[in-house]
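Working notes for the structure below.
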Amino acid sequence: MRVPAHLLWLIPALPLLAAGIGAFAPRTARRTTAGSAIAAMAISFLLSCGALVTALRDPAVHAVHNFAWFDLGHGALRLGWLLDPLTALMGVMVTLVGLLIFIFSAGYMAEDANFKQFFCFLSLFGAAMLGLLVANSLLLLFICWELVGLASYLLIGFWFHQPSAAAAAKKAFITTRIGDLGLLVGLLWLYDATGSLLFFDGGEGVLEAGPLAALSAQTTVGGLAVSTAIGLLIFCGAAGKSGQFPLHVWLPDAMEGPTPVSALIHAATMVAAGVFLIARVYPLLAADLTLPSAPLHALSVVATIGAITALLGAVIAVGQNDIKRILAFSTVSQLGYMMLALGVGSWVTAIFHLLTHAFFKALLFLGAGSVIHAAHHEQDIRRLGGLRAPLRVTFATFAVGMMALAGVPFLFSGFWSKEAILHAAHGWSVSQLPFAAGLIAVVLTAFYTTRLVAEVFLGTPRGEGAARAQESPAVMTVPLVLLAVCAALLGFIGTPWWPWLQRTLDPTFATEPGGFGLMAVSIVLVATGLGAGWALYARIPRSSAGEADPVERRAPRLFAALADRLGFDELYAATVGRLNAWTAAFADALDRRVWDGTVRLLAGLGLFTGQVTRETDENLINGGFDAASGGLRSGGRAYSRGQSGDTHSYLRYIAIGFTLIALAVLLGVRR
């Protein structure tokens, strides 16, 4: 089956239809809403596979279908669909992982009173992400981008009766809006500079050679190329969605939502959107590389932020005790790796890691959900333990995800994609600091994943929930098995010996020699992290929940700082939060005392002016006019009395007048 570009809209439309069914169905229609959501995602998966078949016929071609949305001035604002290997592969990943998460959710949320609303929100989330993938317009992408943010707000705060969940939803929504403001400004600037927001449009699209050359030739403040400035603004949006430093603070708190939501956000949808966006607009960010004398290159900023994020997330994960929070900071770190790969110029490697990470991180989050479900909603790893025997399937699949995340060599996908990133970073001519940060994060990742597995599954139960745990039902374990298979095997499509994925995404990709020594170094670092984790946590498991962590015993202050997430939340509360509070207080005082006072003064002045105008109008102007009118009326009446029309009266008046005149003449003559 082949799906051409003009039919791509069906892929997001089906989950959107399922969301509509869920919105209007009665609360009791649990089977209908869940069934429609799962069926819609399954059909979208088949359509995505058909789109992939179409895209693979000629990977170098961008098949587009553009259309006018509405008239704007002398032209029209146009949107469109785009089909290429990047769109198709991402679509297959999102629909497959989303489908397995939807199926898992049917079992995990079975007892929830708002089951129907949950699947409605899940379908909306999936539709928004799929719409983002197939867009050939930055405007259409931005519309779906904001719908992803809305759906994440609804799902993170799904248990809104819990204050922590409501706060986490607001935190995620507001933090990502900060980055989205930069994206919106970049979008407007790009439209003003090029007159288009289409990615590909017969040579006139913003990612095609002509417009890119024009953007890189123009400069702005400080000699910065316009393409660089717009690229950095777009990166702000990606940094917010993908939890990059310093906008990473929302992502760990997103685990306050139901565990399937965490899996969907951290694996296949929201955080993947930022990496996908930078990969999609990569030609725009790379346009300034043709300007060696440029004061700043956009990709250098991306690489630096990615390296900091990768190391920061791995460091903080070492000191967390919540099973989902450990995985959340792991996601922050892995997203940093992806941005690092993008920054050093290997966007195909970033997508490779994005695809492998989607499967093994979805596996780990759903595995954590199976643990939480079996242990009666216990999430603190200090009160778990001993779950290997009662949760055999969960343990086996979770172990596969753990080894993929840690980068255990050769048999697990995470090793190949992470190794490709390290190789690309090592070859970056600008700086070796991102490469060094990536190496340190390799050790830490292997260490905290070993700690997680040992604390949860080894030893003896340390809490009541763990002691009464039983394996989850098949509706939850079957998706785990399928994800485990993908997490183990997916890496083989991108090995140095057969880089099928990289060459599909970029036909010019070529494997560089000399990477086997670096691979050996990476293997040693992974072994070091695994060995340290085993020695501290697995060799002698803790016996009680109150027993101090081995790292905490050796470095209590450091562990406390890591457990407190290095104080970033407190730092933001003391700086950005306090500044926001001061700004709000100032705005309130300005509103109440200045603007409100000004409005009251103007209102009083208006009333006074109205009163004066009224008195002048009624007493002076109207009164004088009325008096003059009355005098004229009286004179008119007096004059009208003499106009009786009686001839005898007129003769009498003439005689009287003549007599008076004659008397006056006689008197005048005598004198």
Side-chain angles (χ1 to χ4, degrees), residues 60-62 64 66 72-80 82 84 86 135-142 179-239 274-306 339 341-348 350 424 427-431 505-509:
V61 174
H62 300 283
V64 300
N66 299 325
L72 186 65
H74 297 291
L77 189 59
R78 301 168 68 208
L79 305 179
L82 168 61
D84 63 357
L86 176 59
N136 185 43
S137 164
L138 191 57
L139 177 60
L140 179 58
L141 186 148
F142 183 74
D180 290 354
L181 178 61
L183 174 57
L184 177 60
V185 174
L187 182 152
L188 295 174
W189 193 350
L190 184 61
Y191 184 77
D192 179 68
T194 64
S196 175
L197 290 174
L198 293 173
F199 294 136
F200 299 97
D201 186 24
E204 300 298 324
V206 296
L207 298 184
E208 297 181 279
L212 287 178
L215 289 172
S216 59
Q218 302 174 48
T219 57
T220 182
V221 180
L224 199 67
V226 170
S227 62
T228 305
I230 294 175
L232 291 176
L233 288 169
I234 292 175
F235 175 66
C236 289
V275 177
F276 170 80
L277 173 62
I278 299 302
R280 173 59 74 200
V281 301
Y282 181 82
L284 175 64
L285 276 77
D288 59 13
L289 296 180
T290 59
L291 308 171
S293 60
L296 181 67
H297 292 100
L299 290 179
S300 297
V301 176
V302 175
T304 302
I305 295 297
M339 288 296 182
L342 288 164
V344 300
S346 185
W347 70 270
V348 293
W428 196 41
S429 60
V430 177
S431 173
L505 292 170
D506 181 8
T508 64
F509 178 84

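- Side-chain contact between Leu299 and Val430: absent, with no pair of heavy atoms (C-beta onward) separated by less than 4.5 Å.
- With respect to Phe235, the side-chain contact (heavy atoms from CB on, under 4.5 Å) criterion is satisfied by exactly one of Ile230, Val302, Leu183: Val302.
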For the pair Ile234 and Leu138, evaluate side chain to side chain contact (heavy atoms under 4.5 Å, CB included) and give the outcome as yes or no after the intermediate values. CA-CA 10 Å; Ile234 292 175; Leu138 191 57; 4.2 Å; yes
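- Looking only at side-chain heavy atoms (C-beta outward), Val281 and Phe199 come within less than 4.5 Å of each other.
- Between Asp84 and His62, the side chains place a donor N or O and an acceptor N or O closer than 3.5 Å (distance only, hydrogens not considered).
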Would Phe276 and Leu86 count as a side chain to side chain contact (heavy atoms under 4.5 Å, CB included) here? Give the steps. CA-CA 9 Å; Phe276 170 80; Leu86 176 59; 3.7 Å; yes
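- Contact detail for Ala135 and Leu82: the closest heavy-atom pair is O-CB, 4.0 Å.
- To the nearest 0.5 Å, atoms CG (Leu197) and CG (Leu188) are separated by 8.5 Å.
- Thr304 contributes atom OG1, which lies 13.0 Å from atom CE of Met339 (distance to the nearest 0.5 angstrom).
- Ser300 contributes atom OG, which lies 11.5 Å from atom CD1 of Ile305 (distance to the nearest 0.5 angstrom).
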I would like to know whether Trp347 and Leu505 meet side chain to side chain contact (heavy atoms under 4.5 Å, CB included); could you show each step before the answer? CA-CA 9 Å; Trp347 70 270; Leu505 292 170; 3.9 Å; yes
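- The ring pair (Phe, Tyr, Trp, His ring centres under 6.0 Å) check on Phe142 picks up nothing, with sequence neighbours excluded.
- For the side-chain contact (heavy atoms from CB on, under 4.5 Å) test with Leu79, the passing option among Leu198, Leu140, Asn66 is Leu140; the others fail.
- Taking all atoms of both residues into account, the shortest heavy-atom contact from Thr228 to Ala298 is CG2-N, 3.8 Å.
- Distance check, rounded to the nearest 0.5 Å: CG of Asn136 to CG of Leu139 gives 12.0 Å.
- Between Val206 and Tyr191, the closest side-chain pair of non-hydrogen atoms is not below 4.5 Å.
- Across all non-hydrogen atoms, the minimal contact from Ala60 to Pro507 is CB-CG, 4.1 Å.
- Thr194 contributes atom OG1, which lies 9.5 Å from atom CD of Glu204 (distance to the nearest 0.5 angstrom).
- Counting only distance, with no hydrogens or angles, the side chain of Tyr282 and the backbone of Gly345 share a donor-acceptor pair below 3.5 Å.
- Asp201 contributes atom CG, which lies 4.5 Å from atom CZ of Arg78 (distance to the nearest 0.5 angstrom).
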Under 3.5 Å, sequence neighbours excluded: what are the donor-acceptor pairs made by side chains of residues 211-220?
from	atom 1	to	atom 2	distance (Å)
Ser216	OG	Leu212	O	3.1
Ser216	OG	Ala213	O	3.1
Gln218	NE2	Ala214	O	3.2

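- A pairwise comparison of heavy atoms in Ser346 and Ala424 identifies CB-CB, 3.8 Å as the closest pair.
- The two atoms that bring Gly343 and Trp428 nearest to each other are O-NE1, 4.0 Å, heavy atoms only.
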